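Okay, structure first, notes after.
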Amino acid sequence: MSLSTRYNPKETESRWYEYWEKKNYFHSEPDDREPFTIVIPPPNVTGVLHMGHMLNNTIQDVLIRRARMQGKNACWVPGTDHASIATEAKVVQLLRKKGIKKGDIGREEFLNHAWEWKEKYGGIILDQLKKLGASCDWERTRFTMDPSMSRAVVHVFVDLYKKGKLYRGLRMTNWDPEAKTVLSNEEVIYKEENSQLFHIRYPFEDNPTEGIIIATQRPETIMADVAIAVHPEEEKYKHLIGKNVLIPLINKPIPIIADSYVDREFGTGALKITPAHDQNDNEIGQRHNLPVVDILTEDGKLNEHAQILVGEDRFVARKKIKKLLEDSGTLVKLEDYRTSIGHSERTDAIVEPRLTNQWFLDMKDFAKTALHAVESKEVKFYPENMWNMFYQWLQEDNVRDWCISRQLWWGQRIPAWYVKTADGGRWMADGEEAVFVAENVEAALAQARQKTGNTGLTLNDLEQDEDVVDTWFSSWLWPISVFDGFENQEELKYYYPTSVLVTGWDIMFFWVARMIMSGYEWSEELLGKELAEKKGRMPFHDVYFTGMVRDNKRRKMSKSLGNSPEALELIENYGADGVRFGMLLAGSAGNDIIFDAPFDPETKQALNESKLCEQGRNFCNKMWNALRLVKGWPVSDAPQSKINQLAVSWLEHKFNQTLAGLENNFNQYRLSDVLMSLYQFIWDDFCSWYLEMIKPAYNAEGNSEPLDRATFEATVALFEKMMAALHPFMPFVTEEIWHQLRQRAEGQDCIVSRYPAPGAFDGNMIKLVDKAKDVITEIRNTRNGKGISPKEPLKLFVQNTDSAKAMYQLDGLTEMVGKMANLTSVELTGSEPEGTVAFISGTEKYFLELNIQIDVEAERERLTKELDYNRGFVTSVEKKLSNERFVSGAPAQVVENERKKLADGLEKIRILKEALAKL
RNA sequence: GGGCGCAUAGCUCAGUUGGUUCAGAGCAUCUGCCUUACAAGCAGAGGGUCGGAGGUUCGAAUCCUUCUGCGCCCA
């Protein structure tokens with residue numbers, strides 16, 4: 001035989017992937033079939049494949065491959081996200097290494113560098129997905145900054161502006177001083193940290209020896225203070241309201257004001273008000289018409305308004321000011337303090353609240369739309385309880401307007417123009433900078449001419465907004481824009497709404513909610529009312545939320561922690577099929593996944609090992625060896641034996657039973673359950689039982705006797721059906737075995753074969769064989785316990801009862817038990833044969849002739865133990881049945897079952913007593 | 001501070017409508033086997049008061065209350 005004793009994934013996987021691509025199996029064009037569409041959550045173009053990607057793309061591939069095998073037009077659109085902050089940071093870093101500063105080279109040249117970088121490295125993660133076996137339609141690969149996608153962003157921006165949902169305004173925003181850009185609330189990560197609370201005395205203007213003490217975490221911002229606030233009801237301070245105090249170090253007078261926002265219990269009960277550098281202070285400042293003094297630069301340094309420490313970084317300034325306050329005697333107390341501090345998701349810099357001019361999207365109506373979509377189940381969540389989180393987030397009080405502008409260059413530039421004035425400023429209207437939002441500069445110019453009344457304006461008089469839009473402002477259009485839906489609705493009409501979105505719950509708000517919003521906002525306009533009503537406005541019907549992949553300490557796996565195995569190394573070690581198996585079995589929908597990669601005790605880094613992936617690899621090998629066995633048998637035209645008839649028919653019934661269970665699990669996205677039941681069917685039922693049942697004997701020359709043709713054909717047919725059923729999960733090994741099983745004609749490939757549909761099955765027949773399996777196990781167990789080799793043939797007697805007769809009436813069952821347990825004979829008997837050991841299986845009594853001296857005491861002990869167990873069991877059932885309320889209250893079926901249990905138990909007790917008496 | 005979720009075998013997890021031997025799976029452990037498909041294997045075994053307490057019910061891992069421990073989201 002030419003097949004290697006071990007399955008070799010390396011060679012197989014690359015070969016089949018190339019073949020599938022060559023045959024164009026992944027490609028989809030609209031046709032008459034029902035579409036099944038998935039759009040990939042586009043990974044960052046800067047990214048490399050990590051465990052989260054592996055999990056979520058394996059799941060998508062399972063769903064897509066199954067749909068394809070069900071005869072649907074499966075379309076999985078891949079692509080990448082331009083990830084503006086992350087990518088820009090990366091390119092800035094790269095240029096810095098070359099000694100180039102972003103500010104020196106200007107926007108255009110910087111973007112050239114960025115594109116160059118994208119062209120060079122941007123495809124890496126997609127190539128890695130191919131290694132995993134992802135059957136994406138690569139011809140459809142998209143990038144969120146593709147020209148048509150960028151045009152969609154501009155179109156949508158202008159549309160929303162016209163609808164009055166977009167506005168520009170000066171707002172308190174989260175500022176990242178490192179990236180020098182504003183962040184949305186979702187991009188701020190709060191971390192518990194140690195901090196200090198500074199108690200500082202502000203002297204009274206009219207009596208500098210006395211003063212009021214405030215507590216603050218940010219002493220470096222005192223120069224920006226504009227007031228001290230106290231609670232209006234606070235006795236301690238009531239009389240001070242209206243007095244002026246002096247800011248220490250700069251001696252600037254500020255008033256003491258009253259505001260009920262102040263928490264009387266916190267710190268000293270007096271609060272310094274710094275409207276430029278704190279969200280809450282800003283609101284108080286607005287209530288009291290206080291001025292705003294901004295003392296920080298865009299990169300977090302003190303500016304000239306601070307008067308002192310100008311040019312110092314905010315944290316250096318904090319240290320220095322501590323010293324200055326101590327020296328001046330105004331620092332009265334330092335207190336250790338735990339607080340949560342916001343960090344930038346991308347740069348990890350501590351976020352600075354800052355007043356800036358930004359673009360906002362009004363979210364009120366959008367939030368309602370998204371809530372309604374999920375509430376009405378037009379979009380279904382799996383697992384369902386994710387709805388709770390979604391609901392919570394979209395409550396009116398929680399929804400803030402979406403700040404969509406970013407002070408970056410890499411991304412879609414905001415389509416808004418201003419009119420330059422001679423003095424270098426911008427033309428104002430109604431006290432604000434006049435802004436002209438349009439799809440292009442010419443249209444903006446026309447608007448500007450009309451508004452200013454100056455028909456002589458030229459393109460040179462306009463300047464475009466410097467900012468780009470938030471990355472999510474392009475990815476929220478993804479389900480529409482990957483089909484170029486804003487420009488040409490041909491494909492959109494076929495593929496939209498997509499079938500299912502598979503993504504982690506961590507971007508539920510960033511992305512999932514916003515896609516739902518954009519879907520409902522534009523699909524009707526694009527599809528036409530009739531079609532939108534027929535097919536739905538939602539961007540996807542189902543959302544399958546995957547959990548986060550965590551290490552055994554429950555930390556999210558990340559590159560920086562070093563707690564994640566290398567995805568590609570895992571594939572190298574276990575094969576893509578093995579890794580897919582491991583990922584899928586690790587957890588179920590929504591629950592976080594604890595991935596079992598062990599750690600190197602020395603380096604504390606995760607090793608590229610995994611027990612679950614190993615199990616997957618072993619499974620491949622198991623199936624491979626089953627193939628070798630089947631292919632190795634000579635085939636004859638002899639008639640089919642009774643055993644083989646029984647075996648084939650049993651396996652067919654059992655397979656149908658398994659398939660029937662699969663359907664429901666698939667529909668609920670319980671993929672790990674589906675995989676597990678296939679695993680158990682193939683390993684246990686097919687390999688351990690079926691193949692052993694039909695395995696031909698060896699002749700004197702040590703060669704296998706032939707297998708009859710009917711059984712051989714049935715085996716091959718079942719084997720290939722199993723491979724088809726497993727294909728979505730483990731595509732490579734199944735395709736390989738599929739082709740090894742038979743000569744295949746052109747186009748007969750597992751990937752495009754029909755997914756096996758469940759047929760009828762005889763549950764009673766399956767039960768009888770299960771009973772026989774139990775008998776066989778009992779015999780093997782007896783051999784094990786008494787040290788009798790499996791090779792030594794034994795004689796078995798069955799007590800002749802009605803139930804035993806009914807069982808062994810099944811054609812081939814007697815022979816099957818004899819073969820599997822290595823028995824010379826299986827006989828029904830009326831009396832107990834001498835010198836045998838008795839055991840019970842089901843309600844049948846068996847006697848096994850062992851040809852050895854029987855240890856009577858050991859037998860007595862064993863039987864007594866079993867008797868005790870059964871007595872206890874019967875007692876509990878009797879108790880239940882003697883309860884009048886149970887008998888009258890429980891459904892008849894349940895009571896009937898209890899009666900049966902009782903009868904069986906009593907029968908067992910009778911048999912055991914009899915056996916004990918005979919000893 | 002507000003909210004959501006979790007706790008089942010040594011580990012990672014299933015357990016769908018409260019009801020069949022429902023207390024399960026895989027891994028790990030132990031015993032015996034290099035039996036001509038597979039030692040990446042075969043045949044077996046042990047192991048859990050379902051986090052604690054209380055309640056509803058004829059019946060609770062499952063529903064309710066409460067406590068403890070842990071995780072996450074929002075502020």
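None of these values were measured; they are calculated from a predicted model. First the proteins, then the strands, lettered A, B, ... as listed; each starts at 1. Worth knowing before you read on, the calculation uses all heavy atoms, side chains too, and leaves out hydrogens, waters and symmetry mates.
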Open item on the list: What does the B/S/- profile of nucleotides 58-64 of chain B look like, 5' to 3', with a 4.0 Å heavy-atom cutoff to protein?
Closed with: B------
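- Closest contact between the side chain of Asn665(A) and the listed nucleotides rC27(B), rU16(B), rC72(B) involves rU16(B).
- Side chain of Ser677(A) to main chain of Val674(A): a donor-acceptor pair is present (N/O by atom type, distance under 3.5 Å, no hydrogens or angles).
- Taking the six-membered ring for Trp and thresholds of 30 and 60 degrees, Trp387(A) and Tyr391(A) have ring planes inclined between 30 and 60 degrees apart.
- Rounded to an integer number of Å, the gap from CD of Glu896(A) to C1' of rU20(B) is 12 Å.
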TODO: Give RNA chain B the dot-bracket treatment, 5' to 3': Watson-Crick (N1-N3 with N6-O4 or O6-N4) or G-U (N1-O2, O6-N3) under 3.5 Å, [ ] crossing, | other strand.
DONE: (((((((..((((.....[....)))).(((((.......))))).....(((((..]....)))))))))))).
Table of protein N/O atoms under 3.5 Å from nucleotides 24-26 of chain B N/O atoms:
residue	atom	partner	partner atom	Å
rA25(B)	O3'	Gln680(A)	NE2	3.2
rA25(B)	O2'	Gln680(A)	NE2	3.1
rG26(B)	O3'	Gln615(A)	NE2	3.3
rG26(B)	O2'	Gln615(A)	OE1	2.6
rG26(B)	O2'	Gln615(A)	NE2	2.8

Give each protein N/O atom lying under 3.5 Å from an N/O atom of nucleotides 1-3 of chain B, with the pair distance.
residue	atom	partner	partner atom	Å
rG3(B)	O2'	Gln392(A)	OE1	3.0

What side-chain donor-acceptor pairs closer than 3.5 Å can you find for residues 613-624 of chain A, not counting sequence neighbours?
residue	atom	partner	partner atom	Å
Gln615(A)	NE2	Tyr679(A)	OH	3.3
Asn621(A)	OD1	Tyr7(A)	N	2.9
Trp624(A)	NE1	Ser4(A)	O	2.7

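- The phosphate of rG32(B) (OP1 or OP2) has no side-chain N or O of Arg783(A) nearer than 4.0 angstrom.
- In this structure, Lys908(A) does not pair ionically with Glu844(A), as no charged nitrogen and carboxylate oxygen lie closer than 4.0 Å.
- One finds a side-chain N or O of Arg6(A) lying less than 4.0 angstrom from the OP1 or OP2 phosphate oxygen of rA40(B).
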Polar pairs (N or O, both sides) under 3.5 Å between protein and nucleotides 41-45 of chain B?
residue	atom	partner	partner atom	Å
rG41(B)	OP1	Asn618(A)	ND2	3.1
rG41(B)	O3'	Lys622(A)	NZ	3.2
rC42(B)	OP1	Lys622(A)	NZ	2.6
rC42(B)	OP1	Trp683(A)	NE1	2.8
rA43(B)	O3'	Arg780(A)	NH1	3.2
rG44(B)	OP1	Thr777(A)	OG1	3.3
rG44(B)	OP1	Arg780(A)	NH1	3.2
rG44(B)	O4'	Asn784(A)	ND2	3.4
rG44(B)	O2'	Asn781(A)	OD1	3.1

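- A donor-acceptor pair under 3.5 Å links the side-chain atoms of Lys819(A) to the main chain of Lys695(A), judged by distance alone.
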